[in-house]
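For the single chain, residues carry numbers from 1 onward in sequence order.
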Amino acid sequence: MGIPEKAYFILNPKSGVKSSVNVPALIEAHLDHSRWKYELLLTEHAGHATQLAREAAAQGARLVVAVGGDGTVNEVARGLLQTSAALGILPKGSGNGLARHLGIPLVLPQALALLNKPTFGRIDSCAINGHPFFCTAGIGFDGVVSSAFANSTKRGLSSYIQLVVKEFRSYQSQMATVRVNDHELTSDFFVVAFANASQYGNNAYIAPMANIQDGLLDVCLIRHVGLAEALQLGYGLLTKQIAHSNLAEFHTCATVSVHSEQPLHFHADGEFVGLANAFEVQMFPTSLEVVAPADQLI
């Protein structure tokens, strides 16, 4: 066995529904110390994980592991773009979208076992108005829900569903023009979703056919929906049937732009970003190295 390589674990101590788990003890017990010489870093504020990841990569880390939910994973991953360090994930959030898409075990000792015998591969990343995302971004109702969730003190799937129902009652679809593959589509849109990976998290599949290594975005357009259609959409998300629904229209592309008269809420990987009238979404093929099960990577 050679000299152990450097690994950094970046932990958001406030993340997810499993906050009582003693992560440092799990790492100490289950990580192969002959494979990895590790250091544990704790985040202190929003954006800190990106800074820590970038510094870890600069210090020669081969592996930087995000310990937390989708927000922590996004922050760590964005700090590793254009570096030689790979992203690992110990999923400790409520949605765990990227971990689920990549087939990373949600049981932490099993996720650590994956790191002990790592398979490295490269995945695509994207950006919406310059904000990196690795799973999904969205405009419209998606963004409104992410904004409300950011201001909520409750986490977990049941709280999220309650919030979705509450926001749906008052939400009005907004007119927008989507330019994709040299076509302009103008309508009142409920959601315009951009999928690099197949799901939001919690196995809610917005684009079941999305391939995170194909260099293409899957754009999902959902026009105005009533209550019956919303229930149908919810069922489609959870059963991977949304692609076969007449409520959703899909396009694949490398770039897409959206313009609206009214400012629209938008999110990147479930984290509320803000409001805007114009959106540019870009794809950056094979821009991030990750550790994932071999059968999930090209």
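With hydrogens and angles left out, the side-chain atoms of S257 and R179 include no donor and acceptor closer than 3.5 Å. In the model, S198 has a side-chain atom that pairs as donor or acceptor with a side-chain atom of H101 under 3.5 Å.
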I'd like a table of donor-acceptor pairs (distance under 3.5 Å, sequence neighbours excluded) in which one partner is a side-chain atom from residues 102-123, with atom names and distances.
residue : atom : partner : partner atom : Å
N116    : OD1  : D32     : N            : 2.7
N116    : ND2  : H30     : O            : 2.9
R122    : NE   : T286    : O            : 2.9
R122    : NH2  : T286    : O            : 3.4

Tell me which donor-acceptor pairs under 3.5 Å the side chains of residues 42-49 have, and how far apart each pair is, sequence neighbours excluded?
residue : atom : partner : partner atom : Å
T43     : OG1  : L11     : O            : 3.4
H48     : ND1  : E44     : N            : 2.9

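Counting only residues at least two apart or on different chains, the salt bridge (Lys or Arg N to Asp or Glu O under 4.0 Å) pairs with a member in residues 283-298 are R62-E289.
The shortest non-hydrogen separation linking P91 to N96 is CB-OD1, 3.5 Å. Considering all non-hydrogen atoms of both residues, A248 and C220 come closest at CB-SG, 4.0 Å. D142 and A193 get closest at one heavy-atom pair: OD2-CB, 4.2 Å. Residues Q59 and K6 come closest through the heavy atom pair O-NZ, 2.7 Å. Scanning all heavy atoms of the two residues, the minimum distance from Q296 to Q213 falls at O-OE1, 3.8 Å. The minimum heavy-atom distance between A197 and I212, with the atom names listed, is CB-CD1, 4.0 Å.
Atom CD of residue Q82 and atom OG of residue S125 lie 7.5 Å apart, to the nearest 0.5 angstrom. Separation of atoms CG (D218) and CD1 (I206) is listed at 10.5 Å; rounding is to 0.5 Å.
Note: Y38 and Y8 fail the aromatic proximity criterion, with ring centroids not under 6.0 Å apart.
In this structure E5 satisfies the salt bridge (Lys or Arg N to Asp or Glu O under 4.0 Å) test together with R35, sequence neighbours excluded. For R54, the side chain to side chain contact (heavy atoms under 4.5 Å, CB included) partners are T50, not counting sequence neighbours.
Classified by interplanar angle (parallel below 30°, tilted 30° to 60°, perpendicular above 60°), the ring pair F272/H265 is tilted.
For the pair I89/L98, a side-chain contact is recorded, criterion being any heavy-atom separation below 4.5 Å from C-beta on.
In this structure, L221 belongs to a hydrophobic cluster whose other members, linked by side-chain heavy atoms under 4.5 Å apart, are I128, F133, I139, V178, V180, L185, F189, V192, F194, L217, V219, V256, V258, L264, F266, V273, F279, V281, M283.
A side-chain contact (heavy atoms from CB on, under 4.5 Å) with F9 holds for exactly one of L31, V64, L63; it is L31.
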